[in-house]
Amino acid sequence: MDQNMIVYMNGDYKKLADSKVSVTDHGLLYGDGVFEGIRAYNGRVFKLDEHVKRFFESAKAILLTIPLTHDEVKNIVLETCKRNNLTDGYIRLVVTRGEGDLGLSPTKCPNPFVFCIAATISLYPEEMYKTGITVITAQQRRNNATIVDPQIKSLNYLNNILAKIEANFVGAQEAIMLCQNGVVAECTADNIFIIKDGVIYTPPVYCGILDGITRKTIMDLATEAGYTVHEREFTLYNVYNADECFLTGTGAECIPVTVVDHRTIGSGKAGPVTEKILELYRKIVTTTGDPI
Ligand code: PXG
């Protein structure tokens, strides 16, 4: 990354080269913290309020008090983009428990550490939005919501990383993760949708998934466009026999899935509903959002 890039760190804007984190920060020692991944398109930050809201809600769930207001966090994101002349890119907003001693307890961490990076992200190549991607089902099950609720966008992503490694091993782009009871949950950094007989299905949040902002945006866009969208549990059988399947996420947008565990999905290329939804999504991301 460009070492001259400007990063927000607890009240200061510094060059990346000078933005150091202590080895005693509990974000590093224990994954104790939460984050957001946000996109900017065309000089605007997409769904900034929703991301900031989820940032505070994740922090509340882990009893971490962010020493800032919602509006202050919004301004940090916008200002970090501005200082990097960023019009299109990826923003990483993070709060860690801060520096502490070598024990687990956060009581020794008086100062949460907030930082924000505005940069770029490697995306799926454009042709994959036509050909679709290949996914496998991971052996690794998604964290159970009674252990660490996947609604918390925490700094501990090992559950997802282990599933991603399984996909990498076999040359697949993503991995479907199942809940403990075997129903489909989500992918490692994306929510999942299937389409059968013109109806759109996505697993409910109580299955133990991240309450994705792209997921919600796409459910709303699809409903407005006249599709029926159900939040309903389904199994791999339903994925294999779907007419279409796509994944949603801030990074992936709405990416078609055309092969799952060696089964071809639908026609084997991006289906008409997926293409329509991607078109609607690309329109809304480039025409709405908070100006930088
Ligand atoms: N599930 C999980 C587990 C995620 O991490 C999503 C679903 C989609 O959520 P949103 O709110 O983005 O629609 C995510 C999002 C990265 C990266 O660094 C990861 C995400 C988003 C952006 C970038 O790889 N995860």
Side-chain angles (χ1 to χ4, degrees), residues 1 27 31 33-41 45-58 61 77 86 88-94 115-124 133 135 137-138 140-145 147-168 173-179 183-193 202-222 229 231 245-255 257 277-278 280-282 284-285 288-289:
M1 283 215 239
V34 299
F35 77 102
E36 279 299 318
I38 312 170
R39 286 277 285 275
Y41 294 89
V45 178
F46 186 61
K47 298 278 177 193
L48 181 53
D49 275 312
E50 286 80 353
H51 282 284
V52 172
K53 181 165 175 276
R54 188 170 67 183
F55 188 56
F56 276 92
E57 290 181 353
S58 289
V77 170
L86 190 94
D88 293 86
Y90 177 73
I91 302 143
R92 176 61 58 92
L93 174 64
V94 184
F115 63 94
C116 182
I117 307 167
T120 52
I121 188 172
S122 60
L123 305 165
Y124 287 119
I133 60 168
V135 312
T137 304
Q140 180 75 209
R141 294 288 172 100
R142 190 72 177 102
N143 277 340
N144 191 306
I147 302 172
V148 178
D149 195 320
Q151 288 186 80
I152 303 169
K153 202 161 163 59
S154 89
L155 291 183
N156 197 319
Y157 253 55
L158 273 178
N159 179 224
N160 313 55
I161 291 165
L162 290 174
K164 187 78 177 180
I165 289 170
E166 290 185 50
N168 290 345
Q173 279 85 32
E174 252 294 356
I176 294 177
M177 302 184 76
L178 306 178
C179 304
V183 302
V184 171
E186 60 177 340
C187 290
T188 69
D190 310 292
N191 294 111
I192 186 165
F193 287 72
T202 194
V205 174
Y206 70 73
C207 268
I209 61 170
L210 184 76
D211 190 358
I213 289 166
T214 319
R215 172 183 178 277
K216 174 77 168 62
T217 304
I218 279 172
M219 285 169 65
D220 291 347
L221 286 174
V229 184
E231 291 181 87
C245 175
F246 63 83
L247 310 182
T248 66
T250 298
E253 301 182 320
C254 170
I255 183 96
V257 174
I277 289 172
L278 176 63
L280 295 171
Y281 186 75
R282 290 225 161 129
I284 195 175
V285 292
T288 63

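Along the sequence shown, the residues carry numbers beginning at 1. Read the numbers this way: they start at 1 and go in the same order the structure lists the ligands and their atoms.
In plain terms, the two heavy atoms of A163 and A175 that are nearest each other are O-CB, 3.5 Å. For the residue pair N159 and M177, the shortest heavy atom distance occurs at O-CE, 3.5 Å.
Salt bridge annotation for K53-D49: absent, with no cationic side-chain nitrogen under 4.0 angstrom from a carboxylate oxygen. A salt bridge links E231 and R215; the closest N-O separation between the charged side-chain nitrogens and carboxylate oxygens is under 4.0 Å.
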Apply side-chain contact (heavy atoms from CB on, under 4.5 Å) to residues N156 and V148 and explain how you reach the verdict.
CA-CA 10 Å; N156 197 319; V148 178; over 6 Å; no
Which is it for Y157 and F35 under the ring-ring contact (aromatic ring centres under 6.0 Å, His included) test, yes or no, and what are the steps along the way?
CA-CA 11 Å; Y157 253 55; F35 77 102; 5.4 Å; yes
When you check ligand 1 against the protein, what N or O pairs turn up below 3.5 Å? List the atom names and distances, or just say none.
{"residue": "ligand 1", "atom": "1 (N)", "partner": "E186", "partner atom": "OE1", "Å": "2.6"}
{"residue": "ligand 1", "atom": "5 (O)", "partner": "K153", "partner atom": "NZ", "Å": "3.3"}
{"residue": "ligand 1", "atom": "5 (O)", "partner": "Y157", "partner atom": "OH", "Å": "2.5"}
{"residue": "ligand 1", "atom": "11 (O)", "partner": "R54", "partner atom": "NH1", "Å": "2.8"}
{"residue": "ligand 1", "atom": "11 (O)", "partner": "R54", "partner atom": "NH2", "Å": "3.0"}
{"residue": "ligand 1", "atom": "11 (O)", "partner": "I213", "partner atom": "N", "Å": "2.8"}
{"residue": "ligand 1", "atom": "12 (O)", "partner": "T250", "partner atom": "N", "Å": "2.9"}
{"residue": "ligand 1", "atom": "12 (O)", "partner": "T250", "partner atom": "OG1", "Å": "2.4"}
{"residue": "ligand 1", "atom": "13 (O)", "partner": "I213", "partner atom": "N", "Å": "3.3"}
{"residue": "ligand 1", "atom": "13 (O)", "partner": "T214", "partner atom": "N", "Å": "2.9"}
{"residue": "ligand 1", "atom": "13 (O)", "partner": "T214", "partner atom": "OG1", "Å": "2.6"}
{"residue": "ligand 1", "atom": "18 (O)", "partner": "Y90", "partner atom": "OH", "Å": "3.3"}
{"residue": "ligand 1", "atom": "18 (O)", "partner": "R92", "partner atom": "NH2", "Å": "2.7"}
{"residue": "ligand 1", "atom": "25 (N)", "partner": "K153", "partner atom": "NZ", "Å": "3.1"}

